[in-house]
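Shown next, in structure tokens, is the structure this report addresses.
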Amino acid sequence: MKIAHAEVLVTSPGRNFVTLKLVTEDGLVGYGDGTLNGRELAVVAYLEEHVLPLLTGRNAHAIEDTWQYLYRGAYWRRGPVTMAAIAAVDVALWDLKAKAAGMPLYELLGGESRRGALAYGHASGNDLPQLFDSIREHLDLGYRAVRIQTGVPGLGQIYGVAGGDGDRYDYEPARRSAVALEEVWDTRAYLRHVPTVFEAVRHEFGPELPLLHDGHHRMTPNQAAALGRALEPYDLFWLEDCTPAENPEALRRVRSQTTTPLAVGEVFNSVFDYQTLITEQLIDYVRSAVTHTGGITALRKIMDFAAVYQIRSGFHGPTDISPVGMAAALHLDIALHNFGIQEYMRHSPATLEVFRTSYTFVDGLLHPGSTPGLGVEVDEQASRAFPYSPAYLPVNRLTDGTVHDW
Ligand code: EZ4
Ligand code: CO
């Protein structure tokens, strides 16, 4: 099964997506997601200039060898652009292998370990009434776990919170812009406010509903420790990205001070980013996306390493992971023993017009479906109606104008 043709598809049905398409000599088509939010065209150039010329004529079945060839062979290792490009190739090869086998991909990863993958959605509001409406809306959609983000009194619009104009919340396209928007941030105001929100949510919705929260890397270790402690009475499923991710040692301080479960890793791209966090059991959940971590081949190995330390998965699943990347995550979710939860924000109708998915969401559980391969096909004709348009995440500044962490 030789690769005869390789091509990068760029489309923006609601937001930008980068998809690698591989075609074999006998006409099988495989897709991989290489979308890197706000830096999409860097991955396109990496693939087109430096990877595609190496793929034609290669044995499409040799997934491990191709991964090692692209990772070790380049000399320059890791980094989000490189690893997203490798992920696109890796996932497209897994799609091809599973299509050639006539099986859904999870069968090649060991088969089903569960009926479905527990998903969490993003509930948010500028104030409590808006937040409660958003939680109810998610429960009505079938979600059985929700992430909670709210506005902070005294601050304006902040990341992770819907505008409140009735638009569906996914930050973009509502907040997309060719020049990054700037938001104002105050960590002390945030720390005072968040525990009162969880108190109110538990009072309204009871003790059972799994609740999550994302700190977006904005706290110091001491601030994160204090927040973790303050949230202990509300029994969070996890507190995500509490401190900037480059410094794993920071989590030692947080970990020693609170039993609130910790999730880290959506900006990581390699097993080495996790080495200290896993071996010292400083986290409870691996947040990586298949798309940003070098694909299924690499993330599977991270999860096997994590399993030794009782650490489970909680893969990144915002709308900037394409349906191809989401399907790849779901096949792993179903196959892994140490699955924890899957983030699932739901793509827009325009996105799903271009990417035809076969995954399902029933009673709060996602399943990748039984179509051979990943179960996602790209309608290239439909995709041509949605050209690339630059869109950046907002930038965060303190009240005095200092650029702050994400
Ligand atoms: O900010 O996907 O937990 N989810 C998140 C996401 C990320 C975006 C960045 O591209 O933090 O919303
Ligand atoms: Co996050």
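Everything numeric here is computed off the predicted structure, so don't read it as measured data. In each ligand, atom 1 is the first atom listed, and ligand 1 is the first ligand listed. The analysis underlying the following values was restricted to heavy atoms, covering all of them including side chains, and did not include hydrogens, waters or symmetry mates.
For ligand 1, the atoms sitting less than 4.0 Å from at least one non-hydrogen atom of Asn37 are 9 (C), 10 (O), numbered in the order shown with element in parentheses. Under a 4.0 Å criterion applied to the non-hydrogen atoms of Pro318, ligand 1 contributes the atoms 2 (O). Atom numbering of ligand 1 starts at 1 in the shown order; those under 4.0 Å from a heavy atom of Glu343 are 3 (O), 4 (N). Close contacts between ligand 1 and Arg287 involve ligand atoms 3 (O), 4 (N) [criterion: under 4.0 Å to a heavy atom]. Of all the atoms in ligand 1, the ones that sit under 4.0 Å from a non-hydrogen atom of Asp214 are 3 (O), 4 (N), 5 (C), 11 (O).
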Derivation of the ring pair (Phe, Tyr, Trp, His ring centres under 6.0 Å) call for Tyr344 and Phe361: CA-CA 10 Å; Tyr344 177 51; Phe361 181 52; 5.2 Å; yes
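Heavy atoms of Met345 stay at 4.0 angstrom or farther from ligand 1.
In this structure, the side chain of His122 does not engage the main chain of Ile148 through any donor-acceptor pair within 3.5 Å. Between the side chain of Arg147 and the backbone N or O of Tyr120 there is no donor-acceptor pair closer than 3.5 Å. Of the possible polar contacts, one joining the Gln130 side chain to the Asn126 backbone as a donor-acceptor pair under 3.5 Å is found. Judged by distance alone, the side chain of His347 and the main-chain N or O of Ile321 form a donor-acceptor pair under 3.5 Å.
Polar contact with ligand 1: absent for His122 (N/O pair, distance under 3.5 Å). At under 3.5 Å, not a single nitrogen or oxygen of Tyr120, backbone or side chain, sits near a nitrogen or oxygen of ligand 1.
Within a 6.0 Å sphere centred on OH of Tyr69, other residues, nucleotides and ligands contribute 12 heavy atoms or fewer. Annotation: Arg39, atom CZ; neighbour count of heavy atoms from other residues, nucleotides and ligands within 6.0 Å does not exceed 12.
Side-chain contact, Thr35 with Asp320: no donor N or O sits under 3.5 Å from an acceptor N or O. Under 3.5 Å, the side chains of Tyr285 and Arg312 contain a donor-acceptor pair of N or O atoms.
The distance cut-off of 2.8 Å around the Co ion (ligand 2) captures these protein N, O or S atoms, sorted by chain and number: Asp214 OD2, Glu240 OE2, Glu266 OE1.
Between His316 and His292, the angle of the ring planes lies from 30° to 60°, which puts this pair in the tilted group.
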